[in-house]
Amino acid sequence: MLSDWMRKTFAEEFPEAQEGLADLRVMTTASPEFGDYQCNAAMGLARRLKQNPRQLAGRIAGRARHESVARLEVAGPGFINITLDDAWLGAHMERMAADPDLCVPKPGSGRTMILDYSSPNVAKPMHIGHIRSTVIGNALDRLHRFLGWRVISDNHLGDWGTQFGIIIMGFKKGVDLKALESEPIDELERIYRESYKRSQEDPEWLDACRQELVRLQAGDPENLALWKRFVDLSMGEFSRIYKRLDVAFDMVRGESFYNDRLAGVVEQLTSAGLARESEGAIVAFLDDEKLPPCLVRKSDGAFNYATTDIATIQRRVEEFNPELIVYVTDERQQLHFKQVFTVSRKLGVKTRLDHVWFGLMRLPEGTFSTREGNVIKLERLLDEAESKALAVVREASPEMPADRQAEVARAVGIGAVKYADLSQNPQSLVVFTWEKALALNGNSAPYLQYAYARIRSVQDKFAERFPSSDLAAHPIRLTEKHERALAVKAAGFADAVMLAAASFKPSMLADYLYDLAVLYSSFYQNVPFLKADAGFRESRVRLCGLTGAILRKGLSLLGIGTMDRI
RNA sequence: ACCCCCGUAGCUCAGUUGGAUAGAGCAUCGGAUUUCUAAUCCGGCGGUCGCAGGUUCAAGUCCUGCCGGGGGUGCCA
């Protein structure tokens, strides 16, 4: 990696400046006229050492040598521009193509992380608001696994909250058993919505709901049986959706899993003097950390989600001793996790704890919620996506058998929905529109899937027309501007994967893949390969093949499938 | 009231953590197919990066203040 090399060169040339070099980076240039990569560290260093930046950059450029680098030039106020060596680049393409991991290292080898994502609430339908945690979390899961991490993905279901008091109360007073049979989740949702509404208007009803919750948490057999039934019904629906989304978890441990530890957590906190009684509740005060107080037991005796999350962290540390625990949730939980992490540390937890939050999804007319009943169900979104994709497939490939068309429509439709979420900065707010969610052209999954399918087609045509040709016998040579640009981009795959994982932003990989596909499409359009002379032909087909391998692997890391024909 | 995000082309968004002339897609206008998949490619149009200061060789990016939007702030999760 060029950054390491540059950092080493700087350190050797300027031993007096060790500290400031840790974040030194080599990055791609703003424009091809500046070479392939650039390093801007000389200018910052010059300030600290009170030296002339151009002279300083010149000293680096004069001594630095690397097998992959053809040329180093100092430009402007002190940029060091780096141009890769064509022969090295060609050989590197061959190395990548020969490696199933495409020369991506395994920095996570021997390390363990727990990834907590998706985590829908039981007895409510999964709606479009759940897709972000599920899709972003799953991409982070795949990225880290690929980098060698032992990832333990955990679906921390919301199966133990106050909502169960509301639902149990509603169920006992007005369940429609027939509806529960045919549309279980819809019926549970209806019960919840109506019981919630009544609890807002009728204090007695609200109190009864609380009592039901307390009974459930105390182990009342009737309520426990109802609760189990709700969980099973919900898991049936969730599993169906996860299967469609190609999402799998190592564990599905809901909040209820930690129930028997909650009292212990509160006990630990109080005996350590970290929490005390206040207005009937048990509260951890975090004034030193400038955080609001954190409730760990309500005045009615029930525990709340902070308690559960603290217990969960303790259990995970005891059982798996991970290097870090990562939570993927929406932005509203930022304060909650700050509090939970702080309290956990006070209890002696040393594990790195990260909260990866993403912006809330909204409808153009405002927020939606189960309580309001204005949600768009996730299944409906997936249905719409597939049917829209199917219409396009039928139009574009009428000769394709119907079952193949359906298969393509699935990959394209689901891929488009996932990509729409993964391709933008997770932290920006998303306003849901059907048009955006179902886009099939431009910067979208189908664009990448299309590029991949064309590559597969080229490879098949090549095998058909030149059956005796041995690709591996021909070196990859980069002669055309378009193919060189493609190769430079291809060489950056490992960096893109590592950067996306380390910053918890799958969008960085999505951006990379889109750039790669754009360069490929341009190459495809402007440079002949099956019709090129022998030697060039094989070289270009090999470069095609490598591009295809990167697209396939990269998309799979985002949880998006590829088809040989679309 | 306080805290956290966001504000970039008509619309939706990137912008590699301070770098060179701010980039894509959609929309719009024009061009490319006897050829390896036109779900494509090539080009045009489109910008006081919310506003005002500040920090320095360099600010969309950092600091301060304001404006606008979203979210949060002990008994929901």
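Nothing here was measured: the structure is a model prediction, and the numbers come from that model. Numbered from 1 within each chain, the chains take letters A, B, ... in sequence-line order.
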Trainee: Is the distance from OP1 or OP2 of B/A77 to the nearest side-chain N or O of A/Lys124 less than 4.0 Å?
Mentor: no
Trainee: Report the distance from atom OH of A/Tyr520 to atom C1' of B/A38, rounded to the nearest whole Å.
Mentor: 14 Å
Trainee: Heavy atoms only, 4.0 Å cut-off, all strands: where does A/Val430 land among base, sugar-phosphate and nothing?
Mentor: nothing
Trainee: When you measure only distances, ignoring hydrogens and angles, does the side chain of A/Gln163 come within 3.5 Å of the base of B/A77 through a donor and an acceptor?
Mentor: no
Trainee: Taking NZ, NE, NH1 and NH2 as the nitrogens, is one of them in A/Asp421 or A/Arg132 under 4.0 Å from a carboxylate oxygen of the other?
Mentor: yes
Trainee: Could you check which of B/C75, B/U37, B/A14 has an atom nearest any side-chain atom of A/Asp511?
Mentor: B/A14
Trainee: RNA chain B: A/Met27 or A/Met563, which has the more 5' nearest nucleotide?
Mentor: A/Met27
Trainee: Please tell me which of the listed nucleotides, B/C57, B/C76, B/U40, lies nearest to the side chain of A/Arg210?
Mentor: B/C76
Trainee: Base, sugar-phosphate, or nothing for A/Val392, non-hydrogen atoms under 4.0 angstrom?
Mentor: base
Trainee: Within less than 4.0 Å of OP1 or OP2 of B/U16, is there a side-chain N or O belonging to A/Arg25?
Mentor: no
Trainee: Just to be sure I understand the rule, does A/Gln38 reach a base, reach only the sugar-phosphate, or reach nothing, if contact means heavy atoms closer than 4.0 Å?
Mentor: base
Trainee: Taking the P atom in each of B/U8 and B/G60, what is the distance between them to the nearest angstrom?
Mentor: 15 Å
Trainee: Could you let me know what B/G7 is paired to, Watson-Crick or G-U wobble, both distances under 3.5 Å, or none if it's on its own?
Mentor: B/C67
Trainee: For A/Arg297 and B/A77, give me the distance from atom CZ to atom P, rounded to whole Å.
Mentor: 15 Å
Trainee: Classify A/Val518 by what it touches in the nucleic acid, base, sugar-phosphate, or nothing, heavy-atom distance under 4.0 Å.
Mentor: nothing
Trainee: Remember a base hit wins even if backbone is also touched, and classify A/Gln449 as base, sugar-phosphate or nothing at under 4.0 Å, heavy atoms.
Mentor: nothing
Trainee: What's A/Asn81 touching, base or sugar-phosphate or nothing? Going by heavy atoms closer than 4.0 Å.
Mentor: base
Trainee: What nucleic acid atoms does A/Glu33 come within less than 4.0 Å of, heavy atoms only: base, sugar-phosphate, or nothing?
Mentor: base
Trainee: Reckon A/Phe34 touches a base, only the sugar-phosphate, or nothing at all at heavy-atom distances under 4.0 Å?
Mentor: base
Trainee: Looking only at side-chain atoms of A/Gln334, point me to the closest of B/C4, B/A39, B/C36.
Mentor: B/C4
Trainee: Pull up the glycosidic torsion of B/U61 and say syn or anti, syn being anything within 90° of 0.
Mentor: anti
Trainee: According to the Watson-Crick and G-U wobble definitions, with both distances under 3.5 Å, which nucleotide is paired to B/U28?
Mentor: B/G44
Trainee: Taking atom P of B/C76 as reference, at what distance in whole Å does atom CG of A/Leu295 sit?
Mentor: 9 Å
Trainee: Does A/Lys489 make a cation-pi contact with A/Tyr512, if we ask for NZ or CZ under 6.0 Å from the ring centre and within 45° of the axis?
Mentor: no
Trainee: Would you say the base of B/A77 and the side-chain of A/Asp159 have a donor-acceptor pair closer than 3.5 Å?
Mentor: no
Trainee: Partner of B/A1 by Watson-Crick or G-U wobble geometry, both contacts under 3.5 Å, or none?
Mentor: B/U73
Trainee: Under 4.0 Å between any heavy atoms, over every strand shown, what does A/Thr28 touch: base, sugar-phosphate, or nothing? Just pick one.
Mentor: base
Trainee: Which residue lies toward the 5' end of RNA chain B, A/Gln424 or A/Gly76, if each is placed at its nearest nucleotide?
Mentor: A/Gln424
Trainee: B/U16 C1' sits how many Å from A/Lys489 NZ, rounded?
Mentor: 10 Å
Trainee: Just do the side-chain hydrogen bond (donor to acceptor under 3.5 Å, both in side chains) check on A/Asn304 and A/Thr307 with the steps written out, would you?
Mentor: CA-CA 6 Å; A/Asn304 56 7; A/Thr307 327; 3.0 Å; yes
Trainee: Please confirm whether A/Phe529 and A/Phe536 have ring centers closer than 6.0 angstrom.
Mentor: no
Trainee: Distance check, C1' atoms only: B/A38 and B/G18, in whole angstrom units.
Mentor: 43 Å
Trainee: Pairing donors with acceptors under 3.5 angstrom, does anything connect the side chains of A/Asp330 and A/Trp357?
Mentor: no
Trainee: Tell me whether the NZ or CZ atom of A/Arg454 lies within the 45° cone about the ring axis of A/Tyr524 and under 6.0 Å from its centre.
Mentor: yes
Trainee: Compare side-chain N and O positions of A/Lys505 against OP1 and OP2 of B/A14 and report whether any pair is under 4.0 Å apart.
Mentor: no
Trainee: Among B/G25, B/C75, B/C5, which nucleotide has an atom closest to any side-chain atom of A/Trp357?
Mentor: B/C5
Trainee: Can a side chain N or O of A/Ser522 be found less than 4.0 Å away from OP1 or OP2 on B/C42?
Mentor: yes
Trainee: Under 6.0 Å between ring centres: does that hold for A/His156 and A/Tyr258?
Mentor: yes
Trainee: What's the CG-C1' distance between A/Asp330 and B/A77, to the nearest Å?
Mentor: 10 Å
Trainee: Take the protein atom CZ of A/Phe523 and the nucleotide atom C1' of B/C36, then report the distance between them rounded to whole Å.
Mentor: 10 Å
Trainee: What is the separation between atom NE2 on A/His156 and atom C1' on B/A77, rounded to the nearest whole Å?
Mentor: 10 Å
Trainee: What's the closest nucleotide to the A/Arg47 side chain, out of B/C36, B/U56, B/A39?
Mentor: B/U56
Trainee: Please classify B/G74 as syn or anti, treating any glycosidic angle within 90° of 0 as syn.
Mentor: syn
Trainee: Classify the nucleic acid contact of A/Asp460 as base, sugar-phosphate or nothing, counting any heavy atom under 4.0 Å across all strands shown.
Mentor: nothing
Trainee: If we take the P atom in both B/C49 and B/U21, what is their distance in whole Å?
Mentor: 15 Å
Trainee: Could you please name the option among B/U37, B/A20, B/U40 that lies closest to any side-chain atom of A/Ser521?
Mentor: B/U40
Trainee: OP1, OP2 of B/C5 versus side-chain N and O of A/Arg332: anything below 4.0 Å?
Mentor: no
Trainee: Once you apply a heavy-atom cut-off of 4.0 Å, does A/Arg465 come out as touching a base, just sugar-phosphate, or nothing?
Mentor: sugar-phosphate
Trainee: Any strand is fair game: report the nucleotide pairing with B/U21 by Watson-Crick or G-U wobble, both distances under 3.5 Å, or none.
Mentor: none
Trainee: Compare the minimum distances between each of B/A20, B/C76, B/G25 and the side chain of A/Lys298, then state the nucleotide with the smallest one.
Mentor: B/C76
Trainee: Strictly below 4.0 Å: does A/Lys436 bring a side-chain N or O up to OP1 or OP2 of B/C13?
Mentor: yes
Trainee: Is A/Tyr450 near enough to B/A39 that one of its side-chain N or O atoms lies under 4.0 angstrom from OP1 or OP2?
Mentor: yes
Trainee: How far, in whole Å, is B/G70 from B/G54 if one measures between their P atoms?
Mentor: 32 Å
Trainee: Among B/A77, B/C41, B/A20, which nucleotide has an atom closest to any side-chain atom of A/Gln333?
Mentor: B/A77
Trainee: For A/Asn40, report the nucleic acid contact type (base, sugar-phosphate, nothing); a contact means any heavy atom under 4.0 Å.
Mentor: base
Trainee: For a quick check of understanding: with a heavy-atom distance under 4.0 Å over all strands, which category does A/Tyr524 fall into, base, sugar-phosphate or nothing?
Mentor: base
Trainee: Would one find a side-chain N or O of A/Ser457 under 4.0 angstrom from OP1 or OP2 of B/U37?
Mentor: yes
Trainee: Between A/Glu289 (CD) and B/C3 (C1'), how many Å, whole number?
Mentor: 16 Å
Trainee: Look at A/Glu201 together with A/Arg198 and state whether they make a salt bridge at an N to O cut-off of under 4.0 Å.
Mentor: no
Trainee: At under 4.0 Å between heavy atoms, what does A/Lys531 touch on the DNA or RNA strands: base, sugar-phosphate, or nothing?
Mentor: base
Trainee: Between the side chains of A/Glu73 and A/Arg71, is the shortest nitrogen-to-carboxylate-oxygen separation below 4.0 Å, so that they form an ion pair?
Mentor: yes
